[in-house]
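Written out below as structure tokens is the structure these notes cover.
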Number of protein chains: 2
Amino acid sequence: MVTVKKVAELANVSPSTVSRVINGAENVNPEIRERVKKVISETGYFPNNAARSLVNRKTGAIAVLIRNLHKPFFYDLLRGMKDAATAMHKCVLFCNLSDEKEERNKYMQFLTNGIVDSMILYGTLYTDWPIIENLSSSRFPFILIENNFDNSQFNQILINNFDGAMNAVRFLAENGHERIVLFMGNPNKKVNLERLNGYQRAMTECGFTLTPDNIVNIFGDSSQAFDAAQAIMRMPDEKRPTAIFTTSDKIAVQAIKGILSLGFRVPEDISVMTFDSQSHLEEEYKGPTLTGIKQPLYDVGYESISAISEIMDGKIKPPYSRTYETTIQKGETVRNLNEG
Amino acid sequence: MVTVKKVAELANVSPSTVSRVINGAENVNPEIRERVKKVISETGYFPNNAARSLVNRKTGAIAVLIRNLHKPFFYDLLRGMKDAATAMHKCVLFCNLSDEKEERNKYMQFLTNGIVDSMILYGTLYTDWPIIENLSSSRFPFILIENNFDNSQFNQILINNFDGAMNAVRFLAENGHERIVLFMGNPNKKVNLERLNGYQRAMTECGFTLTPDNIVNIFGDSSQAFDAAQAIMRMPDEKRPTAIFTTSDKIAVQAIKGILSLGFRVPEDISVMTFDSQSHLEEEYKGPTLTGIKQPLYDVGYESISAISEIMDGKIKPPYSRTYETTIQKGETVRNLNEG
DNA sequence: CTGTTAGCGCTTTCAG
DNA sequence: CTGAAAGCGCTAACAG
């Protein structure tokens with residue numbers, strides 16, 4: 001293995017000088033600098049990060065921790081992160097975590113001790129609190145994206161789920177819908193609660209009836225949505241909701257499958273509006289293109305990398321917080337009741 | 001920061017003893033072991049990987065390098081890798097690379113110098129040769145998945161593209177097809193050449209006509225497939241191929257869109273068979289479910305992690321090579337001409 | 001079974 | 001502008 005020492009010998013200088021050349025220090029005689037550079041390129045020398053990390057206490061690399069990294073949901077997020085990594089000249093290491101506590105700890109301990117010096121965590125759960133607290137108390141820099149906590153001390157990037165959900169209901173209202181039911185996913189995720197709140201607020205604001213029946217819990221398998229949608233279609237016409245708003249694409253897809261399975265059509269017989277509106281769905285789906293609230297995940301991904309870089313460079317001083325607004329993505333699953 | 005030294009002080013032992021406890025050495029007095037463990041958990045001490053890596057020359061982590069990691073194509077591959085990582089208790093770091101040489105070098109140099117001690121590279125191109133040679137000459141352990149080289153010295157996992165393509169043609173032949181055209185992607189990828197060869201061999205074997213017209217080059221944008229498919233549909237019935245075999249899902253999807261755009265149907269008017277047959281397509285597609293040759297990407301992903309682990313543990317001695325067979329995945333895009 | 005010592009490869013004072 | 005020396009945190013001989 002080629003080391004500074006060997007390069008130094010070959011160039012007839014001291015290791016310190018080699019180090020200076022590597023790190024682009026000014027105070028080196030140009031002639032010597034060239035001599036050292038020549039030896040470096042001839043020997044193919046490259047500095048050992050472990051040794052560097054040990055003395056500098058930094059590596060310049062960023063870790064991104066995501067549960068189920070492989071899901072198509074992350075398509076845009078990963079693209080954004082990748083583009084930012086290229087732009088900022090950073091090494092970004094993606095880790096695909098499971099829910100298992102032990103495994104999560106393993107990665108945290110590995111990464112935070114000399115491998116990377118900052119971290120991005122997507123979609124933390126309540127159970128991640130010990131990890132977050134640990135990072136925080138050891139002053140390890142990190143950014144949370146869509147986290148479950150409510151702590152302004154953390155660097156975080158959020159999505160305005162509340163307004164997004166409100167806009168969904170308003171959009172449905174504009175299209176003449178009043179009987180709007182919510183298919184709500186896992187309440188242990190803060191994002192779902194926010195979407196629920198937005199839904200409720202907008203329903204009230206629009207003066208629509210809001211009873212417990214308006215909210216259908218899809219807390220377990222998303223296939224519950226299939227059954228729930230069928231149940232709705234079996235209701236008499238005059239009582240049946242005219243629109244279903246779902247907290248995720250997955251639930252929307254299942255609901256639509258349930259509706260179609262009974263011979264009904266979307267949006268002719270009932271409208272469906274989703275939250276997420278991702279370009280890449282996890283399940284096979286050939287129904288009408290979803291209308292829904294779209295999150296700017298490419299931007300969020302890009303911003304997360306560039307923000308953490310700037311925090312590390314001292315250009316941003318923490319706590320950093322930014323909230324992204326959603327947009328309405330028009331597809332084919334919402335019918336305008338005002339027409340015809 | 002808590003170090004071995006501090007733990008040693010607090011436990012009234014030497015750093016060596018602490019090190020022994022951490023690394024689970026046998027020769028430590030049980031009483032002292034407990035005392036040290038207690039201090040470790042009280043102080044929240046965790047060993048610094050940079051320092052460890054420096055001494056041990058290994059970290060136990062594995063890097064996975066993939067171009068366009070975000071593509072849904074990698075869904076099953078990543079799942080397999082993740083499951084294997086959990087099973088083998090390894091940290092796996094995924095890197096999303098671009099084609100830019102400089103960026104690729106940056107990652108290589110970062111990773112190979114004290115961060116990970118083995119590597120998996122998916123789908124290397126000819127231009128990656130310097131990188132591979134470098135890894136090889138520095139004796140850095142790595143496995144290639146579907147590489148572009150032909151070197152039995154490398155550890156590698158391959159897919160039997162040749163037989164896969166042959167099986168596709170045979171399957172079409174069994175279904176009564178004789179005029180089968182190939183839509184072939186980028187010839188700079190070895191996998192495509194192998195699929196081409198398999199196609200040619202099987203066509204010859206079946207005694208079917210094989211002229212240059214049988215092979216349509218889709219070397220640029222896959223949208224060329226759209227036009228090419230339209231051109232085929234405009235041919236007179238008696239000359240028109242009865243089936244198109246494509247070297248990728250992307251090409252198949254475009255071809256089918258081209259066919260449908262002219263008002264023709266798949267498979268009634270023409271059959272389409274693909275290679276890849278992934279569960280997750282990158283583009284929106286609502287046509288009939290693809291019939292095609294499926295690669296066992298989950299298994300490949302799982303095996304890559306477990307094989308490199310076993311190589312590192314000395315349980316497998318390199319060069320390691322394994323070829324996976326493909327299967328036929330039946331969808332809706334191939335019509336049986338023997339019926340009716 | 002335990003402690004002392006040296007050194008992994010690098011950077012960074014501090015002298016010169 | 002350059003070199004010598006010390007040390008980052010850890011482990012692996014080697015004594016004891």
Side-chain angles (χ1 to χ4, degrees), chain A residues 1-37 39-40 43-61 109-117 138-140, chain B residues 1-37 39-40 43-61 109-117 138-140:
Chain A
M1 187 191 225
V2 193
T3 65
V4 263
K5 209 172 153 189
K6 188 168 273 174
V7 172
E9 267 174 37
L10 263 48
N12 254 314
V13 293
S14 75
S16 330
T17 303
V18 175
S19 175
R20 288 192 189 100
V21 172
I22 296 165
N23 295 293
E26 296 293 321
N27 50 349
V28 180
N29 184 316
E31 250 177 66
I32 295 192
R33 176 192 305 281
E34 283 318 306
R35 203 163 75 216
V36 172
K37 279 195 170 172
V39 174
I40 288 179
T43 54
Y45 165 77
F46 193 81
N48 182 303
N49 290 303
R52 269 189 155 172
S53 160
L54 196 55
V55 13
N56 293 335
R57 329 213 63 81
K58 68 191 177 67
T59 66
Q109 294 178 332
F110 176 71
L111 294 166
T112 56
N113 283 282
I115 304 298
V116 300
D117 35 42
S138 62
R139 310 188 139 276
F140 190 94
Chain B
M1 184 190 230
V2 192
T3 66
V4 262
K5 210 172 152 189
K6 188 168 273 175
V7 173
E9 267 174 36
L10 263 48
N12 254 314
V13 293
S14 76
S16 333
T17 302
V18 176
S19 176
R20 288 191 190 102
V21 172
I22 296 165
N23 294 293
E26 296 292 320
N27 50 349
V28 180
N29 184 314
E31 248 176 66
I32 295 192
R33 175 192 305 280
E34 284 319 306
R35 202 163 77 218
V36 172
K37 280 194 169 172
V39 174
I40 288 179
T43 54
Y45 165 77
F46 193 81
N48 181 303
N49 289 302
R52 270 189 156 173
S53 160
L54 197 55
V55 174
N56 293 335
R57 330 214 60 80
K58 67 191 178 65
T59 66
Q109 294 177 333
F110 176 71
L111 294 166
T112 58
N113 282 282
I115 304 298
V116 300
D117 36 40
S138 64
R139 310 187 139 278
F140 190 94

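Everything numeric in this text was worked out from a predicted model, so none of it was measured. In what follows, chains are A, B, ... by sequence order, proteins preceding strands, each numbered from 1.
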Can you check whether [X] reaches [Y] side chain to side chain, under 4.5 Å on heavy atoms?
X	Y	value
B/I115	A/I115	yes
B/R20	B/V13	no
B/I22	B/I40	yes

Closest approach of [X] to [Y] (non-hydrogen atoms, all atoms of both residues):
X	Y	value
B/L54	A/A51	CD1-CB, 3.6 Å
B/S53	B/G114	OG-O, 3.1 Å
B/M1	B/K6	O-NZ, 4.2 Å
B/F46	A/F110	CE2-N, 4.3 Å
A/V116	A/A61	CB-O, 3.4 Å

Could you state the atom-to-atom distance from [atom1] of [X] to [atom2] of [N] in whole Å?
X	N	atom1	atom2	value
B/E31	C/dC1	CD	P	12 Å
B/E26	C/dT2	CD	P	13 Å
B/I32	C/dT2	CD1	P	4 Å
A/L54	C/dC8	CG	C1'	9 Å
B/K5	C/dT5	NZ	C1'	14 Å

Sequence neighbours excluded, which residues qualify as side chain to side chain donor-acceptor pair (under 3.5 Å) partners of B/T17?
->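 With sequence neighbours excluded, B/T17 shows a side chain to side chain donor-acceptor pair (under 3.5 Å) to B/S14, given in chain and number order.
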
At under 4.0 Å between heavy atoms, what does [X] touch on the DNA or RNA strands: base, sugar-phosphate, or nothing?
X	value
A/V55	base
A/N29	sugar-phosphate
B/R20	base

May I have all residue pairs that pass side-chain hydrogen bond (donor to acceptor under 3.5 Å, both in side chains) and include part of residues 27-36 of chain B, sequence neighbours excluded?
->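 Every candidate side-chain hydrogen bond (donor to acceptor under 3.5 Å, both in side chains) pair involving residues 27-36 of chain B fails, so no pair, neighbours aside, qualifies.
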
What is the bend of the helix from C/dC1-D/dG16 to C/dG16-D/dC1 when you compare the axis at one end with the axis at the other, using five pairs each and rounding to 10°?
->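 Axis angle across the helix from C/dC1-D/dG16 to C/dG16-D/dC1, nearest 10°: 40°.
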
Flag, side chain of B/N113 to backbone of A/N49, donor-acceptor distance under 3.5 Å |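 Looks like no, no N/O pair under 3.5 Å.
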
Where the side chain of B/N23 meets the backbone of B/A25, is there a donor-acceptor pair that is under 3.5 Å apart?
->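 It does not hold such a pair.
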
Compare side-chain N and O positions of A/T3 against OP1 and OP2 of C/dG9 and report whether any pair is under 4.0 Å apart.
->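 For C/dG9, neither OP1 nor OP2 has a side-chain N or O of A/T3 closer than 4.0 Å.
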
Phosphate contact (C/dC8 OP1 or OP2) by B/R52 side-chain N/O below 4.0 Å |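 For B/R52, the contact criterion (side-chain N or O under 4.0 Å from OP1 or OP2 of C/dC8) is not met.
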
Contact list for DNA chain D against residues 44-51 of chain B - heavy-atom distance below 4.0 Å |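 DNA chain D contact set from residues 44-51 of chain B: B/Y45, B/P47, B/N48, B/A51.
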
Interface with DNA chain D, restricted to residues 8-17 of chain A and to heavy atoms under 4.0 Å =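 Close to the strand are A/V13, A/S14, A/S16, A/T17.
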
What distance separates A/N48 CG from B/T112 OG1, expressed to the nearest 0.5 Å?
->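 The OG1 atom of B/T112 is 9.5 Å from CG of A/N48, to the nearest 0.5 Å.
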
Single hit among B/N12, B/V7, B/V18, B/V2 for side-chain contact (heavy atoms from CB on, under 4.5 Å) with B/V39 =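 Only one of B/N12, B/V7, B/V18, B/V2 forms a side-chain contact (heavy atoms from CB on, under 4.5 Å) with B/V39, namely B/V7.
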
First and last nucleotide of DNA chain D in contact with chain B, 5' to 3', at under 4.0 Å to a heavy atom: what are they?
->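 Listing 5' to 3', DNA chain D meets chain B from D/dG9 to D/dA13.
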
